[in-house]
Number of protein chains: 2
Amino acid sequence: MSPTIKDVAKKAGVSIATVSLAIHNNQRITTITRNKVLRAIKELNYHPSRSAKGLVTKTTGNIGFVLTDDHFLKTEPFYTMIFLGTEFVTRGNDYYVLLATINKDFKEGDELPRFILERSVDGVIVAGKVPDAFIQKLSKFDMPLVFVDYFPPVDDHCVVMVDNTRGGYQAAKHLVDLGHKEIAFIGADITHPSISDRLTGYKQALETSGIEIKQSNIIIDEDYPARQNGYNAAKRLFEKNKNVTAVFACNDAMAIGAMQYCADNGIKIPGDVSLIGFDDVEADLLLNPPLTTVRVPKVELGTEAMNVMVNLLSSKSANCAKKIVVPVELIVRGSTRKI
Amino acid sequence: MSPTIKDVAKKAGVSIATVSLAIHNNQRITTITRNKVLRAIKELNYHPSRSAKGLVTKTTGNIGFVLTDDHFLKTEPFYTMIFLGTEFVTRGNDYYVLLATINKDFKEGDELPRFILERSVDGVIVAGKVPDAFIQKLSKFDMPLVFVDYFPPVDDHCVVMVDNTRGGYQAAKHLVDLGHKEIAFIGADITHPSISDRLTGYKQALETSGIEIKQSNIIIDEDYPARQNGYNAAKRLFEKNKNVTAVFACNDAMAIGAMQYCADNGIKIPGDVSLIGFDDVEADLLLNPPLTTVRVPKVELGTEAMNVMVNLLSSKSANCAKKIVVPVELIVRGSTRKI
DNA sequence: TGGCTTCAGTTAAACGTTTAACCTAAATAT
DNA sequence: ATATTTAGGTTAAACGTTTAACTGAAGCCA
């Protein structure tokens, strides 16, 4: 068995309270006693038990990270990167991250992740879009909450967001600057605020550039923005609309699908059509041509979210309802060109 | 505050011991009392506190997952997939996974991950190659240990391995079957057992096919098997060795680098040279041509490792020193062809 | 009838910490 | 000289469980 505080107390010839106080640098303990204690700790290689500490302080040193199972399973490691971002921060602070998924159709009667019920976490980071019913139920626990890459309907929470509107603007503006006039938008799941914000940015860019916004140039799939849907959206677009010279896909997955459609149908990129995506996933660089895109700093989203959480927990301040918007960056590669 | 076992006891009109026993389906409690207790639990929405339970049972419900920081940071999400595999299993069993990294130059004096010292985990899964000093230090704690994708020097541990030798054999055999005779191997970090096993398989395949093994066809970089090193290895290979018609790269990252070198130097794949990798990473499908490779079931490695761990913890049996070898699979795509 | 089992629970100790309340001796104030 | 404060600890309760040991009633057997 590993040594307990009792062993340290005996070895140092003091009470266990003194050991505890010494560990926490309490003023009441003289330097000389503290050193005695510290020496005993070193000799025994003592480390306090987290369980015992947790029981009395009602803290666990863990943060929950929740996302829906379909986000968890998708091939693009978008949320994985955010998760890793949170891990980076915990390295510095004294926390660990517990991961849990919920059903994307979470209903009122469903159980919350076990770590919430058993109080194994001090706070919860929610990543990506989650059902309303889940947020409702989660909010009943008075537990610090941080949302990342999703803007919950009720608005008194801490949120870390991507500047999707500005990114959409930058993407479309880039195409405008290259001389394009017939610029299409392909997207999916427009109820997702991130996606609709990108569309908003697209519209703003065309508007401020004096280019008419045509509904026929906007293709929205109802489903999830995945490669297959990008393929289908491109098909729907090009079958009815021959004069499009540039396409802004709502994310890289759809852009990759669209690129595949073009390859299958003799549409040259960027020769015939310029294509720009959103997210900047690993795959972009391997495409032929490499995909121009708007970079979302995925790891940074995670670090920011965890930073907010750690602040929330340490300051014990009221729910600050803080909002952080992390900037995006246009990455020009080979899939766009001057017309 | 959430309800405690005391609240349940009061509501059900029994002692707290009865509540505990009822929860654990102890025979001593009649169905009628158990139901009373269960009803109270439901009404109060009671869930036992993990900290309190942990304190007395000396369990935490957590499993540690350790890898070196360079593995954690590399772009190919190889170990991330293994990690996710462990997560999948914990969904079914009652565990969570805590992630920690160690320095790849871990020395004897370095501290172990905090979750081990503070006893926040019931067992540790070690992924990938880790320093000997780390294993030494870790072994001193009598904590269940499972190694995945690495074979520790001292051999009394549970291990989940990839069948690298067989995979290397299959890869080289595939090239032989396509009629190739001058088959090169490019690799790096040959001290890693996985890599050297793949080389062994390569040699076996040539041998059993009656093809001479030439040292000049084997290029080993000392560094890490990454894209850049694949590029360099291909350069070294083709500059001195014009008649090679097929290359087996020790992993996909190096294969991708080699492919880049070939593209830069007018070597057509698979026209002039057939190329095969190892791992089957996401990027392979996006390459032009898509890469023939040997699939390593990454997620399955994680699930297997976690299954072994869960068995170890539940059976409380002696360290079974179990070995599991998960099979690989040849995936033929566009980068190899008949000569 | 009386002694022995079995049944169905209860009591209380234990797990390893933190921390409020208490204590004693020395220092300071009146 | 006595009363009060301060310094530097110690004592003991509390956190929420589990579980070994105990108890009292009922059933059984001779």
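Residue numbers start from 1 in every chain, and the chains themselves are labelled A, B, ... in the order their sequence lines are given, proteins ahead of strands. Since the model is a prediction, treat every value here as computed from it, not as a measurement.
- Annotation: F83(A) is in aromatic contact with F83(B) [ring centroid separation under 6.0 Å].
- Aromatic ring orientation, F72(B) versus F88(A): perpendicular (interplanar angle above 60°, classes split at 30° and 60°).
- The rotation axes computed at either terminus of the helix from dT1(C)-dA30(D) to dT30(C)-dA1(D) lie 60° apart, taking five pairs at each end and rounding to 10 degrees.
- At whole-Å resolution of the value, CZ in R50(B) and C1' in dT18(D) are 12 Å apart.
- Per the geometry, NZ belonging to K6(A) stands 14 Å off C1' belonging to dT11(D), to the nearest Å.
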Show the atom names and distances, to 0.1 Å, of all donor-acceptor pairs under 3.5 Å that link a side chain in residues 297-307 of chain B to residues at least two apart or in another chain.
{"residue": "K298(B)", "atom": "NZ", "partner": "D279(B)", "partner atom": "O", "Å": "2.8"}
{"residue": "K298(B)", "atom": "NZ", "partner": "D280(B)", "partner atom": "O", "Å": "2.9"}
{"residue": "K298(B)", "atom": "NZ", "partner": "V296(B)", "partner atom": "O", "Å": "3.0"}
{"residue": "T303(B)", "atom": "OG1", "partner": "E300(B)", "partner atom": "O", "Å": "2.9"}
{"residue": "N307(B)", "atom": "ND2", "partner": "T303(B)", "partner atom": "O", "Å": "3.2"}

Donor-acceptor pairs under 3.5 angstrom involving side-chain atoms of residues 98-108 of chain A: please list them, not counting sequence neighbours.
{"residue": "T101(A)", "atom": "OG1", "partner": "R91(B)", "partner atom": "NH1", "Å": "2.6"}
{"residue": "N103(A)", "atom": "OD1", "partner": "D105(A)", "partner atom": "N", "Å": "2.8"}
{"residue": "K107(A)", "atom": "NZ", "partner": "D110(A)", "partner atom": "OD1", "Å": "3.4"}

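- For A9(B), the side chain to side chain contact (heavy atoms under 4.5 Å, CB included) partners two or more places apart in sequence, or in a different chain, are I16(B), V19(B).
- For Y96(B) and Y96(A), the distance between ring centers is not under 6.0 angstrom.
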What does the list of N/O pairs under 3.5 Å between the protein and nucleotides 7-12 of chain C look like, with a distance for each?
{"residue": "dG9(C)", "atom": "OP1", "partner": "T33(B)", "partner atom": "OG1", "Å": "2.7"}
{"residue": "dG9(C)", "atom": "OP2", "partner": "T30(B)", "partner atom": "N", "Å": "2.6"}
{"residue": "dG9(C)", "atom": "OP2", "partner": "T30(B)", "partner atom": "OG1", "Å": "2.9"}
{"residue": "dG9(C)", "atom": "OP2", "partner": "T33(B)", "partner atom": "OG1", "Å": "2.9"}
{"residue": "dG9(C)", "atom": "N7", "partner": "R28(B)", "partner atom": "NE", "Å": "3.1"}
{"residue": "dG9(C)", "atom": "O6", "partner": "R28(B)", "partner atom": "NH1", "Å": "3.4"}
{"residue": "dT10(C)", "atom": "OP2", "partner": "S15(B)", "partner atom": "N", "Å": "3.0"}
{"residue": "dT10(C)", "atom": "OP2", "partner": "S15(B)", "partner atom": "OG", "Å": "2.7"}
{"residue": "dT10(C)", "atom": "OP2", "partner": "T18(B)", "partner atom": "OG1", "Å": "2.1"}

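- Nearer to the 5' terminus of DNA chain C, by closest-nucleotide assignment, is the contact made by V56(B) (compared with the other of K53(A) and V56(B)).
- Between Y79(B) and D149(B), the side chains place a donor N or O and an acceptor N or O closer than 3.5 Å (distance only, hydrogens not considered).
- The number of heavy-atom neighbours closer than 6.0 Å to CG of D142(B), taken from other residues, nucleotides and ligands shown, is 12 or below.
- dT19(D) atom P lies 12 Å from atom CD1 of I23(B), rounded to whole Å.
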Measure all distances between protein nitrogen or oxygen atoms and nitrogen or oxygen atoms of nucleotides 23-26 of chain C, and list the pairs falling under 3.5 Å.
none

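- H24(A) places its NE2 atom 18 Å from the C1' atom of dG8(D), with the value rounded to the nearest Å.
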